[in-house]
Asks: 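This is the structure I have questions about; it appears just below.
Chain identifiers are assigned alphabetically (A, B, ...) following the order of the sequence lines, protein sequences preceding nucleic acid strands; residue numbering begins at 1 within each chain. On a predicted model such as this, the values are computed, not experimentally measured, just so you know.
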Amino acid sequence: MNNLKNLRGTVDLLPDQLIKWQNVEKIILEQLSRSSIKEIRTPILEMTELFIRGIGEETDVVSKEMYTFMDRGKRSCTLRPEGTASVARALIQNGISSNTLQKLWYMGPMFRYERPQAGRQRQFHQLGVEFIGYESVRSDVEIITLAWDILGKLGIKELNLEINTLGDINDRLNFQKSFIKWLEINKNSLDLDSQRRINKNPLRILDSKNSQTKKVLENAPKLFDFLSDKSHKRYTDLKKQLEFLKIPFVENFNLVRGLDYYTHTAFEFTSGNLGSQSTVCGGGRYDNLIKQMGGPNTQAIGFAIGLERLILISGKELAVPRNTDIYIINQGLIAESLAMDLSRKLRNYDLLVELDLSGDSFSKQFKKANKLKSKSIIVIGDNEAANNEFTIRLFDKESFGNKEEVISLENDIKLENWLNNNLLLR
RNA sequence: GCGGGCGUCGCCAAGUGGUUAAGGCAGCGGCUUGUGGCGCCGCUAUUCGGGGGUUCGAAUCCCCUCGCUCGCCCCA
């Protein structure tokens, strides 16, 4: 036994598990590509300041969950806890203009120092999509639809979409003012967590799960009542358009995203199959972030999907590995060289070809081919090598004892015919 | 960061103070070194997450620690 272990909240993904990851990622990437969204890659490591300014100093993520350290040049560095701030930074730095329109996605690891739980790790992965420079409510609709469609392509059932609006900055500040006043008066009826948040992050109190607090909040001022006519209309339009597209949603006036940069539309997809970490996708509009970070006034909206959670609720049909098409059984000096060469030729047909490298007895190699459930086998031994040929046959259960075919190593036409008739059809 | 449950081979698991730590699956070898699926035989934990203590004796009791898990918090 040695004591070298992975860090808490991190995991090794082994080949068997990665089948599902790869399939899920493939479906996602195809849908993104069809939606004309471009990839962006930003560093995993950023200066700490970026997240403090981008996400908000008082948020839990920044105040107690970041992996922050000094590098050898005495710079404070942080492993990114989310992707939006980095994307905003990269765009500003690379000269975004105020009328730039960009649809971007990114996928990769994020880091947050939290207590691990099902669907929550310290190193986790997100797919993020950001629509930069888009202001109209139609962009809100498109991005929600995109998330819906990705989740749909993955065959995820029992999804709930919740939406809310936070209004613009002014709406939010006006509300916050009277909400805080109300909170102070009713402070003693609130749970301790909520009391603590009054001055730190009052909006989050709306999202409290404490049943008594929930009840008390029923009489609190509503953000919705503080919306300007314009904000209100925007929200109504959003709902209309989602209804037109037949995307089912539920309004949740208590839905508040945890990061400071959100405005107007906020949305969240949850699944009942995830236990307490039920959010698979969360997103919203952040019209002030880019300006606040020193860029031009640029509206934007985005979402992030938690890949670990997504994998948990994706169907197990996505975890099925690709079968071996041809297992090459080979033994003998010349035969082994011929087999190596043949394996390369066969892979050009997009077949999954496994070349046995063991040099074991034929019967052992057959057993291995059987264990792998290879669809077919090729045999090359001394006899075949002497005649510059190989034998091939189907190997599945139904065709047990299927008759072999002998094909010359030079006769590509015969090989191709065999492949077309047996492996490549349909 | 707070509270509950758990931790015996790669996986599932018996064992709750007395000595060889069951069994199943998987793996490996053999019967069967040029043809697989079945069957049979054999092998695979000096050790019970780690450390300390109690005891003549501990996987079994106590303490600490690590990890997993569920809930809170937070979020994806």
Asks: Would the base of B:G3 count as contacting A:R115 through its side chain, where contact means a donor and an acceptor less than 3.5 Å apart?
Replies: yes

Asks: Between atom CD in A:E114 and atom C1' in B:C72, what is the gap in whole Å?
Replies: 13 Å

Asks: Take atom CZ of A:R8 and atom P of B:C68, then tell me their distance rounded to the nearest Å.
Replies: 5 Å

Asks: Considering only side-chain heavy atoms of A:R112, which listed nucleotide, B:G36, B:A76, B:C68, is closest?
Replies: B:A76

Asks: Give the nucleotide from the list B:C68, B:G34, B:A76 with an atom nearest to the side chain of A:P116.
Replies: B:C68

Asks: Give A:K368 one of three labels, base, sugar-phosphate or nothing, depending on what nucleic acid heavy atoms sit under 4.0 Å from its own.
Replies: nothing

Asks: Hey, which sits more toward the 5' end of RNA chain B by its nearest nucleotide, A:N370 or A:V61?
Replies: A:N370

Asks: On the nucleotide B:G36, are OP1 or OP2 found under 4.0 Å from the side-chain N or O atoms that A:K373 carries?
Replies: no

Asks: Rounded to whole Å, please give me the gap between CG in A:D356 and P in B:G36.
Replies: 15 Å

Asks: Quick test of the criterion, 5.5 Å between centres and less than 30° between planes. Is A:F362 stacked on B:G34 or not?
Replies: yes

Asks: Is it the case that B:G34 (base atoms only) and A:N383 (side chain only) share a donor and an acceptor within less than 3.5 Å, ignoring hydrogens and angles?
Replies: yes

Asks: Starting at the 5' end of RNA chain B, which residue's closest nucleotide do you reach first, A:V280 or A:Y113?
Replies: A:Y113

Asks: Across all strands, who's sitting opposite B:G1 as a Watson-Crick or G-U wobble pair, both distances under 3.5 Å?
Replies: B:C72

Asks: Between A:N383 (side chain only) and A:G381 (backbone N and O only), is there a donor and an acceptor less than 3.5 Å apart?
Replies: no

Asks: Could you tell me how far B:C61 sits from B:U8 if I compare only their P atoms? Round to whole Å.
Replies: 15 Å

Asks: Pick base, sugar-phosphate or nothing for A:G282, based on heavy-atom distances below 4.0 Å to the nucleic acid.
Replies: sugar-phosphate

Asks: Mind checking if A:A304 touches a base, just sugar-phosphate, or nothing, with heavy atoms under 4.0 Å?
Replies: sugar-phosphate

Asks: What is the pairing partner of B:A13, taking Watson-Crick or G-U wobble pairs with both distances under 3.5 Å in any strand?
Replies: none

Asks: Over how many whole Å does the gap from A:Q117 atom CD to B:G5 atom C1' extend?
Replies: 13 Å

Asks: Please state the C1' separation for the pair B:C31 and B:U19 - nearest whole angstrom.
Replies: 37 Å

Asks: Okay, side chain of A:K368, backbone of A:I329: is any donor-acceptor separation there less than 3.5 Å?
Replies: no

Asks: Using a cut-off of strictly less than 4.0 Å, decide whether A:K367 has a side-chain nitrogen or oxygen near OP1 or OP2 of B:C28.
Replies: no

Asks: Between atom CH2 in A:W105 and atom P in B:A76, what is the gap in whole Å?
Replies: 19 Å

Asks: Is any N or O donor-acceptor pair between the side chain of A:R393 and the base of B:U35 shorter than 3.5 Å?
Replies: yes

Asks: If we call it a pair only when both distances are under 3.5 Å in a Watson-Crick or G-U wobble match, what pairs with B:U33?
Replies: none

Asks: Now, which nucleotide makes the Watson-Crick or G-U wobble pair with B:C28, with each of the two distances under 3.5 Å?
Replies: B:G42

Asks: Could you tell me whether the side chains of A:T10 and A:Q123 share a donor-acceptor contact shorter than 3.5 Å?
Replies: no

Asks: Using a 3.5 Å distance criterion without hydrogens, assess whether the side chain of A:T213 forms a donor-acceptor pair with backbone atoms of A:D191.
Replies: yes

Asks: Quick one: pull up CD1 in A:I163 and CG in A:L238 and give me the separation to the nearest 0.5 Å.
Replies: 5.0 Å

Asks: Would you say A:D287's side chain and A:Q299's backbone share a donor-acceptor pair under 3.5 angstrom?
Replies: no

Asks: Rounding to an integer number of angstrom, what distance separates B:U55 and B:G5 when you compare their P atoms?
Replies: 28 Å

Asks: Report yes if a donor N or O on one partner sits less than 3.5 Å from an acceptor N or O on the other, where the partners are the side chain of A:Q365 and the base of B:U35; otherwise report no.
Replies: no

Asks: Taking the C1' atom in each of B:C68 and B:C25, what is the distance between them to the nearest angstrom?
Replies: 23 Å

Asks: For the residue pair A:F303 and A:F267, categorise the inter-ring angle as parallel (less than 30°), tilted (30 to 60°) or perpendicular (more than 60°).
Replies: perpendicular

Asks: Is the backbone N or O of A:L104 less than 3.5 Å from a side-chain atom of A:E130, with the two atoms forming a donor-acceptor pair by type?
Replies: no

Asks: In whole angstrom, give the distance that lies between atom CG of A:L307 and atom P of B:C75.
Replies: 20 Å

Asks: Under a 3.5 Å limit for both distances, which nucleotide forms a Watson-Crick or G-U wobble pair with B:U55, could you say?
Replies: none

Asks: Per the atom types in the model, does the base of B:G34 pair as donor or acceptor with the side chain of A:E404 at under 3.5 Å?
Replies: no

Asks: Can you check whether A:K64 has a side-chain N or O nearer than 4.0 Å to OP1 or OP2 of B:C73?
Replies: no

Asks: Determine whether a donor-acceptor pair (one donor, one acceptor, N or O, separation below 3.5 Å) exists between the side chain of A:R120 and the base of B:C70.
Replies: no

Asks: Just checking A:G9: base, sugar-phosphate only, or nothing, at a heavy-atom cut-off of under 4.0 Å?
Replies: sugar-phosphate

Asks: Whole-Å distance between B:A76 P and A:E82 CD?
Replies: 8 Å

Asks: Taking CD from A:E162 and P from B:A76, how many angstroms apart are they, rounded to a whole number?
Replies: 14 Å

